[in-house]
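Step one of this worksheet: look at the structure below.
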Amino acid sequence: MKHIKTINAANLKKTAEKGGCGKCQASCQSACKTSCTVANQKCENK
Amino acid sequence: MIHKYKYNDMNIVLDVHSGGVHIVDDISYDILDYIKLPMTESCPEEIVDNLMQKYSSEEIISCYDELYSLYKDKILFSEDDYEKFAKYSVASPVKAMCLLISQDCNLRCEYCFAETGDFGMGRSLMSLETGRKAIDFLLENSGNRENLELDFFGGEPLMNFDVVKGIVEYARKKEKDYGKHFRFTVTTNGLLLTDDKIDFINKEMSNVVLSIDGRKCVNDKMRHRIDGSGCYDTILEKFQKTVKLRGDKEYYVRGTYTKYNLDFSEDVFHLYEQGFDQISVEPVVAPETAPYALTENELPEIFSEYDRLTERLLKNDKEGKHFNFFHFMLDLDQGPCAIKRLRGCGSGNEYVAISPNGDIYPCHQFVGIDEWKMGNINEGTFNNEIKDYFASAHIYTKNECKNCWAKFYCSGGCNANNYIYAGDVHNAYKMSCEIEKKRLECAIYIKAVKACENQ
């Protein structure tokens with residue numbers, strides 16, 4: 001493409017179909033404790 | 001839904017429901033203002049008419065064709081079809097727990113949400129017996145979850161370290177019987193760290209959060225002892241030692257910025273210069289009346305500071321130096337699944353906090369608020385209605401979140417902050433929202449810059 005560059009796989013919808021296993025860390029347990037940032041968590045469904 | 005913004009000389013477009021991030025040129029950026037859905041295969045005349053003062057019709061049409069191709073691929077203006085998953089948001093097993101191992105503290109930090117450590121409930125320490133019962137509760141309520149998280153929190157957990165050790169020993173013994181694996185974490189102000197404690201923490205804790213605000217003057221203004229003396233000189237060396245001996249294991253130095261240090265990028269870099277490479281410096285959460293509180297008046301300055309931090313981080317990276325800044329960490333491809341993103345932290349549902357007397361709360365920030373008490377470990381009570389209430393609190397039951405572009409990144413924000421500062425778990429706490437959106441714009445920009453460099 002000449003005008004647009006897509007920088008990621010844009011796969012959020014696919015993750016919904018097989019997601020929700022719950023193996024990942026609870027968001028608040030990492031570093032924050034006063035704010036919620038979820039997008040920096042890792043998926044642990046290996 | 002899309003979110004488009006300019007950052008320095010870059011035009012960035014986030015397609016909210018696919019998670020797609022596109023870097024576009026000026027023509028595409030302008031065309032997006034005139035697109036009506038559903039998109040048609042050929043460029044509407046109206047778009048050409050509106051932009052022909054700036055660009056040639058050939059350019060506009062060629063660019064529209066590219067945008068249409070993304071639309072067809074469902075990575076631009078992709079549909080919001082997540083509500084069907086949200087409807088199945090039922091109660092989950094409990095997999096994470098925060099133990100207020102010490103409802104007492106040896107510091108008197110000005111901004112402490114635990115009201116200087118005792119959560120407004122009087123000073124007390126958790127007994128080993130209550131700690132063991134908490135472990136049993138977690139094991140019995142964790143269903144098929146294998147990884148169980150237990151955070152030793154306070155107050156200051158090192159004031160009750162023998163009980164921490166006893167609980168770890170008990171949990172390690174029991175986890176085998178249940179086929180589970182405990183991940184322990186501890187959050188400490190560092191004053192009581194000794195070589196023995198550092199060894200134990202580095203051996204047993206999968207993560208350790210070390211509280212320090214940054215520069216000595218900044219740290220000591222807010223984080224001081226009962227006699228008013230600052231703690232920086234005592235804790236810095238101990239934290240450096242802990243991290244050095246920790247090897248590859250996870251840790252964070254974690255600071256809070258307030259109205260007194262709106263130049264907080266200085267504190268982030270100060271921590272980096274002291275040898276730390278996993279850094280989290282976060283906005284204070286406090287009532288507007290507190291002298292150090294961040295209010296909407298400070299937002300422009302806060303935003304500029306995140307811009308400054310972004311520039312400094314990119315420059316640092318270019319020089320081959322790197323550190324993680326917690327709130328700029330973003331995985332655009334392999335992050336959490338959309339289901340996880342619907343309700344974020346899981347407080348009150350898959351995450352609970354236990355006070356020293358065994359009371360169960362939705363999270364550490366709800367501790368001491370009577371109406372949110374969910375039960376008691378010692379009495380064997382647990383209110384499933386409150387659990388169900390939190391299970392159904394997600395971005396599609398939070399009206400302000402539903403139509404927000406950042407919903408899949410913050411997942412509806414902090415339930416406790418929403419309740420305490422916006423009146424309801426389902427209401428958005430605007431200060432947090434604005435700051436979160438700014439940080440996301442910076443984090444996505446950093447990813448975009450790196451993607452261009454790697455080409």
Side-chain angles (χ1 to χ4, degrees), chain A, chain B residues 15 17-25 27-28 62-63 66 70 75 82 85 92 95-96 113 145-147 149 151 185 187 207 209 252 254 280 282 285 326-327 329-341 344-347 350-351 363-364 408-411 413-414 432 447-448 451:
Chain A
M1 285 201 181
K2 211 175 96 192
H3 302 276
I4 303 166
K5 180 181 154 82
T6 301
I7 64 163
N8 65 342
N11 57 1
L12 191 59
K13 289 203 178 189
K14 276 188 197 155
T15 70
E17 302 294 338
K18 288 183 181 172
C21 75
K23 287 185 180 169
C24 54
Q25 191 178 37
S27 318
C28 213
Q29 295 287 75
S30 43
C32 45
K33 289 283 186 193
T34 58
S35 61
C36 199
T37 299
V38 177
N40 58 11
Q41 303 274 312
K42 285 179 211 141
C43 173
E44 297 191 42
N45 190 359
K46 301 260 158 52
Chain B
D15 182 55
H17 298 113
S18 70
V21 177
H22 312 289
I23 303 168
V24 305
D25 63 7
I27 319 175
S28 314
S62 123
C63 188
E66 287 190 16
L70 298 185
I75 54 173
Y82 292 95
F85 298 107
S92 309
K95 68 173 183 182
F113 68 80
R145 299 291 189 260
E146 282 170 32
N147 295 324
E149 297 157 44
D151 189 32
T185 59
T187 302
N207 190 8
V209 180
Y252 276 98
R254 194 259 189 231
S280 180
E282 310 192 17
V285 181
F326 181 72
H327 275 128
M329 284 162 62
L330 190 62
D331 187 338
L332 292 174
D333 288 316
Q334 307 294 326
C337 65
I339 305 300
K340 160 90 172 179
R341 292 171 191 243
C345 76
S347 65
E350 51 185 19
Y351 171 57
C363 85
H364 55 289
F408 287 115
Y409 300 86
C410 82
S411 300
C414 168
S432 278
K447 288 281 176 195

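Every chain is numbered from 1 and lettered A, B, ... according to where its sequence line falls, protein lines coming before strand lines.
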Counting only heavy atoms closer than 4.5 Å, note whether [X] contacts chain A via side chain, backbone, both or neither.
X        : result
B:Asn147 : side chain
B:Leu332 : both
B:Ser347 : neither
B:Glu66  : both
B:Leu330 : both
B:Ser92  : neither

Worksheet item: Atom CG in A:Asn8, atom CG in B:Asp333: separation rounded to 0.5 Å?
Response: 5.0 Å

Fill in: Between CG on residue B:Asn207 and OG1 on residue B:Thr187, distance to nearest 0.5 Å
8.0 Å

Worksheet item: Do other residues, nucleotides or ligands put more than 12 heavy atoms under 6.0 Å from A:Glu17 CD?
Response: yes

Worksheet item: Less than 4.0 Å between a side-chain N and a carboxylate O, is that true for B:Glu282 and B:Arg254?
Response: yes

Worksheet item: Based on non-hydrogen pairs under 4.5 Å, which of A:Lys2, A:Lys13, A:Lys14 is most in contact with chain B?
Response: A:Lys13

Worksheet item: Judged by modelled atom types alone, do B:Ser28 and A:His3 share a side-chain donor-acceptor pair under 3.5 Å?
Response: no

Discussion item. Quick check for you: among B:Cys363, B:Ser62, B:Gly346, B:Pro336, which has the greatest number of heavy-atom pairs under 4.5 Å with chain A?
Written reply: B:Pro336

Discussion item. Looking at every heavy atom in both A:Ala16 and B:Ala338, which two are closest together, and how far apart are they?
Written reply: CB-CB, 3.8 Å

